[in-house]
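One structure is given here, and the rest of the page talks about it.
Throughout, a chain's letter reflects where its sequence line sits, starting with A, and its residues are numbered from 1.
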Amino acid sequence: MKSGAFVRSLWTTDPQRVARQYLWGGFLFLLVGGLLAMLIRFQWAWPGQPVPGLAWALPESKGALTPPAYTAVFTMHGLLMIFFAVTPLLFGALGHFVLPLAIGARQMAFPRLSAFGFWAYAVGGTLMLASFGVRLGAASAGWTSYPPLSTPAFTPGLGQTLVTVAVLCVGVSAFLYGLNFVVTVVRCRAPGMTWGRLPLVVWGLFYGAVLNVLFVPVLAAATGLLLLDRVAGTQFFIAGAAAVGGGGDPVVYQHLFWLFGHPEVYILILPAWGMVGDFVAYFSRKPAHGYRLTAGAMGTVTALSGAVYAHHLFTSGMAPVLGRTFMVLTLLISLPAEVMFLNWLMTLWRGSVRLTSPMLAALATMIVFGLGGITGLALGAVATDVPLHGTLWVVGHFHLTMGAASFLAVFAGLYFWFPRMYGRSLHEGLAKAHVLSSAVLFIAVFGGQLAAGYAGQLRRLYDPYQYTFLAHLLTLNRWTSWAAFLLGTAQLLFVVNLVRTLGWGRAAEPNPWRVGTLEWTDAGPSPVVLRGPHELSQPEVQEQLGRDWIGQAEALPVAVAVKVTSESDAPGVEGAG
Amino acid sequence: MRESPPVSTNDPTGTLSPVSPQRAEANLWFGMVLAHAAAAMLFCAVAFAADFYRMRGFWPPAFALPGRFVPSLAGVLLVMGGVLQHVALRHVADPRRARGWMLGILGAGAAFLATQAAWLHVLWWHRDLRIPESGVFASTLYGLSAVQAAHAAAVLTGLLRATLRTLRGLEARASLRRALPGWWCTTVMYGVLFAVVYLP
């Protein structure tokens, strides 16, 4: 590519190019965040020992993590993974790529917002990386940036301020693509692409985008006020200000943060659920069982997601009646999730299951999310949350749900859409090995954290073994760390596969997975959608076309088509595409 | 690594006609409504924080100045500007008739911002309601006012565009329609600010 074309391509409004920009950005931050995770695991396995190869970064301690360095490491790990890796990979990369194609839109509703969103993300990411190099180090108040730790009194350096601005930048990016996705799905669907014909992944992206639009501004409020406290001397979250005419309250920040933070869990998992729902149907060669119920369940979770946040604050001294209310709401939200699970299992039941790499990743997502969900029940109930609060149990739980499940879903999507994205086929064997090893090792690592948390190990301890009652957990933590190192190493399978495919991979087939959604079927630039996304193994289609799938916009001879599409003949949307 | 084959976009040949102006305008209007809803969420989050502080102590504190006349006047200016916009929408087809109305709306908006600025600066800042010395009350007053003023300024920028179109003799119905939800959103948020900061 010539340099001029390269520079022009940086400000691209083509959603598929924007998707690729997010993809590479997300991979970069996944790498940095992953390496930081390895440092945390090293510290828990060999506390205070020099980390091999780290002496150049920490010369004074000869490569050993000091307590300030350790707090910075786990803070930056969390922030990078959540805001700069997994969310942008799910929405920025896969969302921008698949959403307009799957609904038959000719473009995103606001193409320039897509481009602007990416650059806001890039600026935020740059600030994050820059914060490693400033005096007094990077942010070190934890990924939640709770005051008073995040106020200048405890984190006086520029690093925390840079990271606060970076979170605001990535919030702008998330808001912009959220708004863009909502308008695109509502307004730009192809004619005939009714709500009942949307692929489930589009439902997931849509609901996630709605949550972005509603709750990212709340994060912006919390972060903005925190920034003012840091740079303008305001007192929003500084309790000690009572001496000067009425003080602020750090608990307010916790309320605001979790009012965003809990929906963020669903922002991450809704697209993953959508992918699981679609892939389980595609690779069982069956229509998705209870399609409407699944879409409805995702909507119910979306509606409830903002009403359960205070279970993160059970130990903050809230009124018992509020604790009980939020406990009931929290436990209620698991019901629609169970409906979805049952629908997925019913789809698998007696299906012609094909264990392709996207299917394996989707099944692995189901399993790790199931484990994360079950372990979360203990945190949703007040009586069990109180002793488990602040332990590694919480860390294991949210890593299974937000980390492992979302990570595996990203790779499910990537393995599925890569041939369409880059026109080349990834190596199936390497992909399966990557998914299987990652899934097993995720369970080992986060299962180890759950066990250590249940035994009472508090999160974020620099050296847990200085406490006698935790000393016996050293062996468990060492084994867990070895599993984590293996997990990190297993990602090389993906890297090798990616490099090999981009460099020397064979050209992909036009529709390698034999599915009928618009992104895979050459329906032309202005498709008219005739049916839903999961019309698989229909006898009439097999009889007429000699295959078990049919494109969403593909016509059948009239006599048969009427029978196949009779349930979904609602009038088409006045589409743009 | 060799270059990847070209990616199929939704419009690989670039042959599709652009989205119709009416449709693009409707998309934009919907997007603006969502953006204002998001701005309202941001503002409500800040107002929630302010309300939390109110519950924790005496509000307004003893050193706060009495008097709600000027803040009420600012609210009246906002309501007046909103009503003017509805009137202007009726006349917008004729740019010559619309000019006066549009300038009136802009004037109301500018007067609102000026009133707020003067009230905050002259009466509050000038009389030693400072950050951080005056604690969370000052933080809330200035913080909420700044967020609200930023939103009002953004809406006014959109209206300025519509006014310039009118002054050039062009039709500005779309720009005006787009600004209307923003104006009322700003007005409602000012009502929230007024209730949170000034009412006992």
Considering residues, nucleotides and ligands other than [X], do more than 12 of their heavy atoms fall under 6.0 Å from its [atom1]?
X      : atom1 : answer
A:F116 : CZ    : no
B:W101 : CH2   : no
B:W29  : CH2   : no
B:R161 : CZ    : no

Next on the checklist: Can a donor-acceptor pair be found, under 3.5 Å and without considering hydrogens, that links the side chain of A:R187 to the backbone of B:L28?
Outcome noted: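 The answer is no, because no donor-acceptor pair under 3.5 Å joins these two groups.
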Checklist outcome for this item: Applying salt bridge (Lys or Arg N to Asp or Glu O under 4.0 Å) to B:R130 and not counting sequence neighbours gives B:D128
Item to check | Nearest non-hydrogen partners of B:N27 and A:F110, listed with the distance | outcome: O-CZ, 3.2 Å
Item to check | Among A:L176, A:L256, A:V216, A:T184, residue most engaged with chain B (heavy-atom pairs, under 4.5 Å) | outcome: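 Between A:L176, A:L256, A:V216, A:T184, the count favours A:L256.
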Next on the checklist: I'd like to verify something: which residue of A:D249, A:V213, A:L179 has the highest number of heavy-atom pairs under 4.5 Å with chain B?
Outcome noted: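 Between A:D249, A:V213, A:L179, the count favours A:D249.
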Item to check | Side chain, backbone, both or neither of B:A37 within contact of chain A (heavy atoms, under 4.5 Å) | outcome: neither
Item to check | Part of B:A35 lying under 4.5 Å from any heavy atom of chain A | outcome: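 Contact with chain A: backbone and side chain both.
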Item to check | With B:A149 via side chain to side chain contact (heavy atoms under 4.5 Å, CB included) - residues at least two apart | outcome: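 Applying side chain to side chain contact (heavy atoms under 4.5 Å, CB included) to B:A149 gives B:L113.
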Next on the checklist: Using a 4.5 Å heavy-atom cutoff, which residues in residues 40-48 of chain B come close to chain A?
Outcome noted: B:M41, B:L42, B:A45, B:V46, B:F48
Checklist entry - What part of A:F175 gets closer than 4.5 Å to chain B, counting heavy atoms only: side chain, backbone, both or neither? => result side chain
I'd like a table of donor-acceptor pairs (distance under 3.5 Å, sequence neighbours excluded) in which one partner is a side-chain atom from residues 217-233 of chain A, with atom names and distances.
unit_1, atom_1, unit_2, atom_2, d
A:T223, OG1, A:L219, O, 2.7
A:D229, OD1, A:T234, OG1, 2.5
A:D229, OD1, A:Q235, N, 3.3
A:D229, OD1, A:F236, N, 3.0
A:D229, OD2, A:F236, N, 3.3
A:D229, OD2, A:F237, N, 2.8
A:R230, NE, A:T161, OG1, 2.9
A:R230, NH1, A:S150, O, 2.6
A:R230, NH1, A:T155, O, 3.1
A:R230, NH1, A:T155, OG1, 3.2
A:R230, NH2, A:T155, O, 2.7
A:R230, NH2, A:G157, O, 3.0
A:R230, NH2, A:T161, OG1, 3.3

